[in-house]
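Residue numbers start at 1 and run along the sequence shown.
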Amino acid sequence: MLVIAPIAKPLAGKKLSKKTFKLVRKAAEHKCLKGGVKEVVKSIRRGHKGLCVIAGNISPIDVITHVPILCEEAEIPYVYVSSKEDLATAGATKRPTCCVLVLTKPTKGELAPEEQEKIKADYSQIISDVSELTSSLF
């Protein structure tokens with residue numbers, strides 16, 4: 001049983017979590033992923049756009065409390081998932097990860113057009129699901 005932080009809203013359900021982890025895995029394969037609080041904050045401040053995925057079982061929660069605020073200021077959608085271990089596994093690292101930023105295009109180099117379209121399609125689907133989830137909260 002996981003202990004989820006009280007600020008973990010919008011929290012993805014099982015289906016949305018599965019889709020989100022799949023997107024994170026694809027992004028990691030194509031170098032479109034920024035992992036860890038420091039790197040995510042740096043990317044947001046530099047103006048990179050994407051989807052921020054935050055783990056809900058972080059302790060102490062103070063480590064990530066500023067990330068949703070930064071995301072809202074930069075108009076970047078964010079969603080919480082239940083486990084930092086699952087987030088790390090999807091991001092192709094063994095170390096548990098607090099948050100990742102899924103970019104729509106790699107910071108260096110270019111993707112093949114068909115790969116870019118696949119990631120964009122998955123990204124758009126998850127963004128619509130997240131916006132649906134947030135609208136049901138308020």
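- The distance from the NZ atom of Lys34 to the NE2 atom of His48 is 6.5 Å, given to the nearest 0.5 Å.
- Between Pro6 and Lys9, the shortest heavy-atom contact is O-NZ, 3.4 Å.
- Here the CZ-CD1 distance, from Arg46 to Ile44, works out to 12.5 Å after rounding to the nearest 0.5 Å.
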Which side-chain N or O atoms in residues 91-104 pair as donor and acceptor under 3.5 Å with protein atoms at least two apart or in another chain?
| from | atom 1 | to | atom 2 | distance (Å) |
| --- | --- | --- | --- | --- |
| Thr93 | OG1 | Ala88 | O | 3.4 |
| Thr93 | OG1 | Arg95 | O | 3.3 |
| Thr97 | OG1 | Arg95 | O | 3.2 |

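- Taking every heavy atom of both residues into account, Ala55 and Ile64 meet most closely at O-CD1, 3.6 Å.
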Throw together a table of side-chain donor-acceptor distances under 3.5 angstrom for residues 19-32, partners on residues two or more places apart or in other chains.
| from | atom 1 | to | atom 2 | distance (Å) |
| --- | --- | --- | --- | --- |
| Lys19 | NZ | Asp129 | OD2 | 3.0 |
| Thr20 | OG1 | Leu16 | O | 2.6 |
| Lys26 | NZ | Asp122 | OD2 | 2.5 |
| His30 | NE2 | Glu115 | OE1 | 3.0 |

Donor-acceptor pairs under 3.5 angstrom involving side-chain atoms of residues 67-87: please list them, not counting sequence neighbours.
| from | atom 1 | to | atom 2 | distance (Å) |
| --- | --- | --- | --- | --- |
| Glu72 | OE2 | Tyr78 | OH | 2.7 |
| Ser83 | OG | Glu85 | N | 3.2 |
| Ser83 | OG | Glu85 | OE1 | 3.1 |
| Ser83 | OG | Asp86 | N | 3.2 |

